[in-house]
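Notes follow the structure.
Start at 1 and go down the list; that is how both ligands and their atoms are numbered. Predicted model only: the values in this text are computed from it and were never measured.
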Amino acid sequence: MSESPLQPAGLPFLKGHGTQNDFVILPDPDGRLVIGPEAVAVLCDRRAGIGGDGLLRVVRAAADPVSAPLADRAEWFMDYRNSDGSIAEMCGNGLRVFARYLVHAGLAKPGPLAVATRAGVLQVRIAEDAADGTPGDITVDMGVARLPGPDGIEVTVGNRHWPARNVNMGNPHAVAFVDDLDHAGDLLAAPLTSPDGAYPEGVNVEFVVDRGPRHVAMRVHERGSGETRSCGTGACAVAVATARRDGADPAVTGESVSYVVDLPGGRLVIAEHPDGRVEMTGPAVIVGSGVLEPDWLAALPR
Ligand SMILES: N[C@@H](CCC[C@H](N)C(=O)O)C(=O)O
């Protein structure tokens, strides 16, 4: 990682999570940090670094060439990276944590907030904290889910195979309904998907079981991060795939449909509306903050 000028006192960071999908947060309002994939991987390493499923760089939209075209619609750009250093279009839990950070840092207030992402400008609503200080939930308008071809997607773990639904929430997902979440195995390796070439840029794979009416539970293997305890875009993909399986399509019925999605790290509520918009509501927590040591920073891969 390089910065110009380098801060002799070290680099501030924070740590946060959304339903235990956890992130290293690097405030970089003026867009001075250049963070390569290897440096991201070290920062996200749970032994050699701070540890996280991903990294959120907080930069003014106008200060980054990727987001500058969106700067008239959003002040801040969420520059999200997976823990292996790869770039993803969107991160739903990350966006809630990003919004929580802005409020925590006094850079935004509870209420509506527009945030630039690689999937475009997304609208966030930050609820006021409760009277007892419990942080309010955060709702993200995740945009419209796309259910593109190809049909006939199959997910394989060991000797088990399931048909899967292809859902794009800005990033790609393959959603498989299973009898038992344990059938997904240890998920230390990425599940196989077929046909070959269906996901040239990789895919997030969700395994889903029913828990009750409009209530499911899931596990996820994330592209670039491995199994995580939660995935916001994944929960949205699961809710949309489950609604279609259940014969519910708000665009047809004219009525919103809402699912409770339980993940190993907590609960998200996902609503799909007649205009196709998918909204995700859940918590976001800032865990702590610190300073990256200058010597350690200097030794990071460039
Ligand atoms: N955990 C995220 C998704 C992060 C990106 C994903 N791994 C990808 O590569 O598409 C979420 O909460 O949505």
For Tyr101, all residues meeting side chain to side chain donor-acceptor pair (under 3.5 Å), sequence neighbours excluded: none
Backbone or side-chain N or O of Ser225 under 3.5 Å from ligand 1 N or O: no
Residue, atom name and distance, where the atom is the protein heavy atom closest to atom 2 (C) of ligand 1: Cys91 SG, 3.1 Å
Atom 3 (C) of ligand 1 - nearest protein heavy atom and its distance: Glu222 OE1, 3.3 Å
Asp137 bridged to Arg267 by N-O distance under 4.0 Å: no
Side-chain (Arg219) to main-chain (Gly185) donor-acceptor, under 3.5 angstrom: yes
Test: Lys15 and Asp22 ion pair at under 4.0 Å: yes
Salt-bridge criterion met for Arg81 and Asp79 (N-O under 4.0 Å): yes
Close N or O approach (Gly234, ligand 1; < 3.5 Å): no
Subset of ligand 1 atoms that lie under 4.0 Å from at least one heavy atom of Thr233: 3 (C), 11 (C), 12 (O), 13 (O)
Arg245 and Asp210 ion-paired at < 4.0 Å: yes
Short N-O contact, Arg125 and Glu279, less than 4.0 angstrom: yes
Ligand 1 atoms in contact with Ala88 (distance to a heavy atom under 4.0 Å): 5 (C), 8 (C), 9 (O), 10 (O)
Electrostatic pair Glu272:Arg277 at N-O distance under 4.0 angstrom: no
Asn204 touching ligand 1 at heavy-atom level, < 4.0 angstrom: yes
Contact partition for Asn82 relative to ligand 1, non-hydrogen atoms under 4.0 Å: side chain
Any N/O pair Arg223/ligand 1 closer than 3.5 Å: yes
Polar contact flag for Glu89 and ligand 1 (N/O pairs, less than 3.5 Å): no
Location of contacts on Met90 toward ligand 1, heavy atoms closer than 4.0 Å: backbone
Subset of ligand 1 atoms that lie under 4.0 Å from at least one heavy atom of Asn93: 11 (C), 12 (O)
Within-shell test, Gly224 vs ligand 1, heavy atom, strictly < 4.0 Å: no
Atom indices of ligand 1, in the order listed, that fall short of 4.0 Å to a heavy atom of Gly92: 11 (C), 12 (O), 13 (O)
Nearest-0.5 Å distance, OG1 of residue Thr117 to CG of residue Leu70: 8.0 Å
Asp186, CG atom: more than 12 neighbouring heavy atoms under 6.0 Å: yes
Asn171: numbered ligand 1 atoms lying under 4.0 Å from its heavy atoms: 5 (C), 6 (C), 8 (C), 10 (O)
Atom 12 (O) of ligand 1: nearest protein contact (heavy atom, Å): Gly232 N, 2.6 Å
